[in-house]
Amino acid sequence: MNRTLGILVSGRGSNLRAILNSVKQRYIKDAKVGVVISNRDGVPALSIADEFKVKRVVIPSSGFAGDRWAYDRLLIDSLERNGVTRQGGLVILAGFDRILSEEFVKHYPNSLINIHPSLLPSFPGLHAQRQALEHGVKVSGCTVHFVVPEVDAGPIVLQKAVDVKEGDTEESLSDRILKEEHRLYPKAIKLIVEGKVSMSGRRVVISR
Ligand code: GRF
């Protein structure tokens with residue numbers, strides 16, 4: 001199975017780097033990177049795409065605040081033009097800071113994934129690590145999930161737990177979770193492109 005990856009970013013790009021490294025080092029073998037798309041110009045993620053010599057495109061989202069679908073149509077055009085099709089594509093959100101329209105989500109059935117820095121369904125939305133600390137949980141972590149129209153609510157592919165330590169700050173906890181994200185996301189992508197992931201209702205079944 002050969003999948004073409006489309007990776008959507010907005011900022012720092014550390015997960016993008018982990019994914020590009022995994023493709024380059026052939027940990028993820030059955031995929032090629034079609035395009036990296038950022039909704040913001042000048043962000044570090046774009047320099048990372050350049051470093052790995054993958055195609056990158058900026059589609060500024062300013063001015064589209066009230067019309068998600070108008071913007072998402074531009075995303076689909078660019079993804080499709082770069083081989084990230086409904087059938088053979090896999091769209092990967094890697095710190096993409098926009099909520100996608102229902103139309104976009106439906107365009108990529110079971111081929112649109114995200115990583116979130118908590119053990120979902122706990123602490124969806126923004127500042128998940130801060131929410132976890134404020135709640136006082138002893139364990140948090142990260143989750144790779146398929147995207148559905150409701151934010152951070154889709155079927156869970158993989159999760160990794162991370163202990164919360166006495167004296168943790170938002171920054172120290174985020175750093176420890178992020179290290180796990182960089183392992184978990186490539187692992188999930190590898191399973192998906194190898195065709196080892198299927199759905200049973202809202203449960204994700206993984207064959208090894
Ligand atoms: C990560 O914490 C990820 O879980 C969340 O956004 C952050 C992106 O970081 N969805 P980076 O841009 O990959 O460094």
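Heavy-atom basis, side chains included; hydrogens, waters and symmetry copies ignored. Order of listing sets the numbers, starting from 1, for every ligand and every atom in it.
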Any N or O on [X] sitting closer than 3.5 Å to an N or O of ligand 1?
X      : value
Asn15  : yes
Gln129 : no
Gly13  : yes
Ile115 : yes

Quiz item: Nearest to atom 14 (O) of ligand 1 by heavy atom, Gly95, Ser174, Ser14, Pro44: which?
Solution: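 Minimum heavy-atom distance to atom 14 (O) of ligand 1 goes to Ser14.
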Output yes when [X] and [Y] qualify as a salt bridge under the 4.0 Å nitrogen-oxygen rule, no when they do not.
X      : Y      : answer
Lys29  : Glu194 : no
Glu103 : Lys106 : no
Asp163 : Arg176 : no

Quiz item: Who's the nearest protein heavy-atom neighbour of atom 2 (O) of ligand 1, and how far?
Solution: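 Nearest protein contact, heavy atoms only, for atom 2 (O) of ligand 1 is Glu181 OE2, 3.2 Å.
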Quiz item: Have Lys55 and Asn82 got a donor and an acceptor in their side chains that come within less than 3.5 Å?
Solution: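 Present: a donor and an acceptor within the cut-off.
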Exercise. Could you note down all residue pairs passing ring-ring contact (aromatic ring centres under 6.0 Å, His included) where residues 125-152 supplies at least one of them, sequence neighbours left out?
Key: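 As it turns out, the ring-ring contact (aromatic ring centres under 6.0 Å, His included) pairs with a partner in residues 125-152, which skip direct neighbours, are Phe123-His135.
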Quiz item: Can you list every ring-ring contact (aromatic ring centres under 6.0 Å, His included) pair that touches residues 55-106, not counting sequence neighbours?
Solution: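 Those involving residues 55-106 are Phe64-Tyr71, Phe104-Tyr108.
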Exercise. Could you list the atoms of ligand 1 found under 4.0 angstrom from a heavy atom of Arg12?
Key: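 The atoms of ligand 1 under 4.0 Å from a heavy atom of Arg12 are 9 (O), 11 (P), 12 (O), 14 (O).
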